[in-house]
There are 2 protein chains.
Amino acid sequence: MVTIYDIAKKANVSPMTVSRVINHAPSISEATRRKVEAIIQELDYIPNKQARSLTSKETKIVSLVIPDISNPFFTTIARGAEDKAHQFGYQLLLGNTDEQADKESRYIDMLLSAQVDGVLIAPTGEPSLVHLRKLAKRKVPFVFADRHVDGIAADLVMGDNAETTRKLVAHLVEQGHRKIALINGPDTASNARERRQAFTDALILNGLQWAPEDIIETHFRQDNFPDIVRSLMSLTLSGRPTAILAANNFIGVNTLRALREMNLRVPEDIAVACFDDPEPIPDYNPFLTVAAQPAYDMGFIGMQMLIERIEGKAPAAKRKVLLPSQLIIRKSTQQDVE
Amino acid sequence: MVTIYDIAKKANVSPMTVSRVINHAPSISEATRRKVEAIIQELDYIPNKQARSLTSKETKIVSLVIPDISNPFFTTIARGAEDKAHQFGYQLLLGNTDEQADKESRYIDMLLSAQVDGVLIAPTGEPSLVHLRKLAKRKVPFVFADRHVDGIAADLVMGDNAETTRKLVAHLVEQGHRKIALINGPDTASNARERRQAFTDALILNGLQWAPEDIIETHFRQDNFPDIVRSLMSLTLSGRPTAILAANNFIGVNTLRALREMNLRVPEDIAVACFDDPEPIPDYNPFLTVAAQPAYDMGFIGMQMLIERIEGKAPAAKRKVLLPSQLIIRKSTQQDVE
DNA sequence: CTGTTAGCGCCTTCAG
DNA sequence: CTGAAGGCGCTAACAG
């Protein structure tokens with residue numbers, strides 16, 4: 001491995017001078033700078049970040065902790081985050097939590113050990129509080145994306161869940177639905193809680209009735225959807241829903257599949273809409289009506305806030321950025337479309 | 001920051017003893033081990049990886065360099081790679097190249113500086129040779145996924161392009177097509193070259209004619225597809241194709257969009273099939289016929305080979321793993337489906 | 001089983 | 001403008 005000592009020897013200067021050249025210190029004569037740079041080129045020297053971090057206390061590495069990189073929603077967040085991080089010279093360390101708090105916890109420990117400069121996280125839910133406290137205790141800045149955790153303050157960028165839910169419900173009501181079910185994420189996740197609250201609020205505002213059975217609490221990335229949907233479709237007491245609102249793309253798509261297995265037609269027999277587009281590439285034949293959240297912006301803005309925080313350029317007060325989503329009406333909620 | 005010195009002082013032992021406890025060295029008395037561990041708990045000590053790497057020469061960080069995390073194909077590779085890496089205690093540093101060799105080059109420099117233990121890469125193309133040589137020169141192991149680069153040897157995991165292309169062409173021929181066009185990736189990318197070669201081979205094997213204009217060389221993640229498709233559809237000399245084969249999901253979806261803008265119906269007016277599924281979540285209403293490559297396995301196996309190489313457990317000879325793909329016939333190539 | 005010494009590659013600090 | 005000394009946190013290598 002080529003070190004500053006090798007360069008120094010060959011250039012007949014001290015290692016310190018080499019270090020200064022590398023770091024573009026102002027106080028270097030043009031002559032020595034050129035000489036040193038030539039030798040750096042010649043020996044193909046690359047600075048060792050590990051060593052540098054040991055004294056500088058910064059690694060220029062930030063981490064993105066998300067539930068699942070294979071979900072297009074988080075993938076798009078990752079893309080936005082990566083673009084911004086790259087722009088500021090930070091590298092991105094990726095972590096998948098699979099919506100499991102313990103996996104998340106282990107990741108946080110690894111990140112702490114790796115001395116990352118900051119963390120952009122979509123926390124699994126309330127249990128995240130414990131490991132987020134670890135970050136806070138060690139003064140590692142972090143920013144919430146998509147979800148937040150009660151009891152711990154941090155900058156936050158998320159979708160406007162209330163507004164988005166209202167839009168989706170309004171659309172369904174407009175289509176004539178009076179009995180709408182919600183298949184939600186786990187109540188420990190802030191976005192699920194907010195969507196549930198906004199959902200019932202919206203129903204009431206539209207003068208609609210709802211029963212507890214109309215709202216199902218499940219998971220964002222795995223569950224037995226056939227059973228869930230079947231139970232929903234066999235509701236007799238409070239009446240069978242004519243529309244289902246799914247709290248994310250994964251639930252949405254799996255609801256469609258379950259309905260198909262039951263030989264129910266969408267939208268003829270039942271309408272379906274969801275949060276987040278399941279299509280990463282704008283598609284030719286999209287089907288599902290969705291409220292598309294600006295995932296790229298979430299990643300981009302979240303990373304921007306994080307970097308500002310890391311570099312001490314952020315205001316003392318924590319910021320909260322609410323991003324609007326776009327209602328994309330497609331076939332799954334419209335019967336009268338050619 | 002809590003260091004082994006803090007622990008040592010409080011435990012009345014030397015820092016070295018603390019180091020031994022952390023690293024589960026065998027020669028530590030049960031008593032001191034417990035005492036030290038208790039204080040580690042109490043002070044909430046987390047080892048500094050940077051410092052450790054400085055002497056150990058390993059970072060337990062591997063990098064994944066791919067063209068675009070927002071493409072579901074690479075996303076799924078990333079997921080497989082992350083799962084395997086995590087399983088072996090490695091963290092994943094992510095890099096997007098956007099299919100640009102210079103961006104890729106800058107990333108490699110950053111990775112080298114970060115002292116990553118290895119790199120799993122889907123190279124942009126032949127120009128990658130230069131920076132891959134840098135890796136090789138510094139003995140940083142790397143493994144190719146999806147694509148390889150001529151002139152430099154490394155373990156490789158990729159789809160069986162010849163076989164896959166054959167299957168796709170056979171399917172189209174079976175559907176009665178005699179004039180098939182290929183919208184391919186750039187010739188600098190090995191997978192594009194192999195697909196082109198396999199494509200013409202397959203046409204010949206099926207006794208079909210082809211003209212140079214039937215094969216269009218474009219890019220995997222951006223281009224003016226309306227113009228490309230329009231030029232293809234206005235071929236008069238050699239005849240207008242009745243089917244288009246797209247070399248990846250992005251091209252496939254954009255071809256569909258371009259055709260729709262031209263008011264051409266798929267599959268009635270023209271059939272379309274592509275490599276790689278554009279759907280990250282198995283969808284309810286899939287449309288495009290695809291040859292789905294096992295992207296998850298590519299990431300998983302690629303990372304496995306990389307880790308074996310890093311840990312000196314790989315055979316001297318470079319391995320080449322060819323993965324079969326699955327032909328999923330959907331509406332875009334079938335007229336007679338209910 | 002435990003401690004001492006030295007050094008990983010670089011940078012801060014202080015001299016000159 | 002340049003250099004020497006010391007240290008970042010940890011661990012090999014050697015003593016005891």
Side-chain angles (χ1 to χ4, degrees), chain A residues 1-37 39-40 43-61 109-117 138-140, chain B residues 1-37 39-40 43-61 109-117 138-140:
Chain A
M1 168 177 253
V2 182
T3 73
I4 50 170
Y5 286 85
D6 301 317
I7 310 286
K9 201 176 299 173
K10 202 150 186 185
N12 273 318
V13 295
S14 77
M16 202 48 234
T17 302
V18 178
S19 172
R20 290 195 176 98
V21 171
I22 296 166
N23 294 291
H24 305 103
S27 57
I28 287 282
S29 81
E30 187 62 17
T32 55
R33 194 181 57 70
R34 256 204 279 262
K35 183 172 57 176
V36 170
E37 272 173 353
I39 296 181
I40 284 178
L43 265 52
D44 206 7
Y45 165 78
I46 293 183
N48 183 328
K49 261 194 170 187
Q50 311 282 331
R52 189 177 274 182
S53 303
L54 212 50
T55 38
S56 75
K57 301 295 171 201
E58 61 169 39
T59 54
K60 283 282 180 180
I61 294 180
D109 282 345
M110 291 175 81
L111 299 180
L112 246 14
S113 182
Q115 316 290 123
V116 299
D117 291 342
R138 289 182 172 70
K139 311 255 183 264
V140 176
Chain B
M1 169 178 251
V2 181
T3 73
I4 51 170
Y5 286 86
D6 301 317
I7 310 286
K9 199 176 300 173
K10 200 149 188 186
N12 273 318
V13 294
S14 77
M16 199 52 229
T17 301
V18 178
S19 172
R20 289 193 176 101
V21 172
I22 296 166
N23 293 292
H24 305 103
S27 60
I28 287 283
S29 81
E30 188 60 18
T32 55
R33 193 181 57 70
R34 255 204 279 261
K35 182 174 57 179
V36 170
E37 273 173 352
I39 297 180
I40 285 178
L43 265 51
D44 206 6
Y45 165 78
I46 292 183
N48 184 327
K49 262 194 167 185
Q50 312 282 333
R52 188 177 276 180
S53 302
L54 211 51
T55 39
S56 74
K57 301 297 172 201
E58 59 168 42
T59 54
K60 284 283 182 177
I61 295 180
D109 282 345
M110 290 175 82
L111 299 180
L112 246 15
S113 182
Q115 315 291 121
V116 299
D117 291 341
R138 291 183 169 71
K139 310 254 184 266
V140 176

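Chain identifiers are assigned alphabetically (A, B, ...) following the order of the sequence lines, protein sequences preceding nucleic acid strands; residue numbering begins at 1 within each chain. These figures come from a predicted structure and were not determined experimentally.
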Q: For B/Ser14 and B/Ala8, work out which heavy atoms get closest and say how close.
A: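 Closest heavy-atom pair between B/Ser14 and B/Ala8: C-CB, 3.7 Å.
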Give the rounded distance in Å between these two atoms: [atom1] of [X] and [atom2] of [N].
X       : N      : atom1 : atom2 : result
A/Asn48 : D/dG9  : CG    : P     : 17 Å
A/Glu58 : C/dC10 : CD    : P     : 16 Å
A/Lys9  : D/dA4  : NZ    : P     : 14 Å
B/Gln50 : D/dG7  : CD    : C1'   : 16 Å
B/Ile28 : C/dT2  : CD1   : P     : 5 Å
A/Lys49 : D/dC8  : NZ    : C1'   : 18 Å
A/Ile4  : C/dC11 : CD1   : P     : 6 Å
B/Asp6  : D/dC10 : CG    : C1'   : 13 Å

Verify the contact: side-chain N or O of [X] to OP1 or OP2 of [N], cut-off strictly under 4.0 Å; return yes or no.
X       : N      : answer
B/Ser53 : D/dC10 : no
B/Thr55 : C/dG7  : no
A/Lys57 : D/dG9  : yes

Backbone N/O of [Y] and side chain of [X]: donor-acceptor pair under 3.5 Å:
X        : Y        : result
B/Gln50  : A/Ala114 : yes
B/Ser113 : A/Ile46  : no
B/Thr59  : B/Ser53  : no
A/Asn23  : A/Ala25  : no

Flag the pair [X] / [Y] as yes when at least one side-chain heavy-atom distance between them is below 4.5 Å, and no otherwise.
X       : Y       : value
A/Val18 : A/Tyr5  : no
B/Leu43 : B/Ile7  : yes
B/Val36 : B/Arg20 : no
B/Ile22 : B/Arg52 : yes

(Q) Angle between the two end axes of the helix from C/dC1-D/dG16 to C/dG16-D/dC1, five base pairs per end, rounded to 10 degrees? (A) 40°
Q | Close residues, residues 11-24 of chain A, relative to DNA chain C [heavy-atom separation under 4.0 Å] | A |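 Within this stretch, A/Met16, A/Ser19, A/Arg20, A/Asn23 sit under 4.0 Å of the strand.
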Q | Nucleotide of C/dC10, D/dT11, D/dC8 approaching A/Leu54 most closely (side-chain heavy atoms) | A | D/dC8
Q | Presence of salt bridge, B/Arg33 and B/Glu30, under 4.0 angstrom | A |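 Result for this pair is yes, salt bridge flagged.
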Q: Describe the nucleic acid contact of B/Ser56 in one word from base, sugar-phosphate, nothing, applying a heavy-atom distance below 4.0 Å.
A: nothing
Q: Would you classify A/Ser29 as touching base, sugar-phosphate or nothing, given that sugar-phosphate means primed atoms plus P, OP1 and OP2, and contacts are heavy atoms under 4.0 Å?
A: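 A/Ser29: backbone/sugar contact only, no base atoms under 4.0 Å.
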**Q.** B/Tyr5 (side chain) and D/dC10 (base): donor-acceptor pair under 3.5 Å
**A.** yes
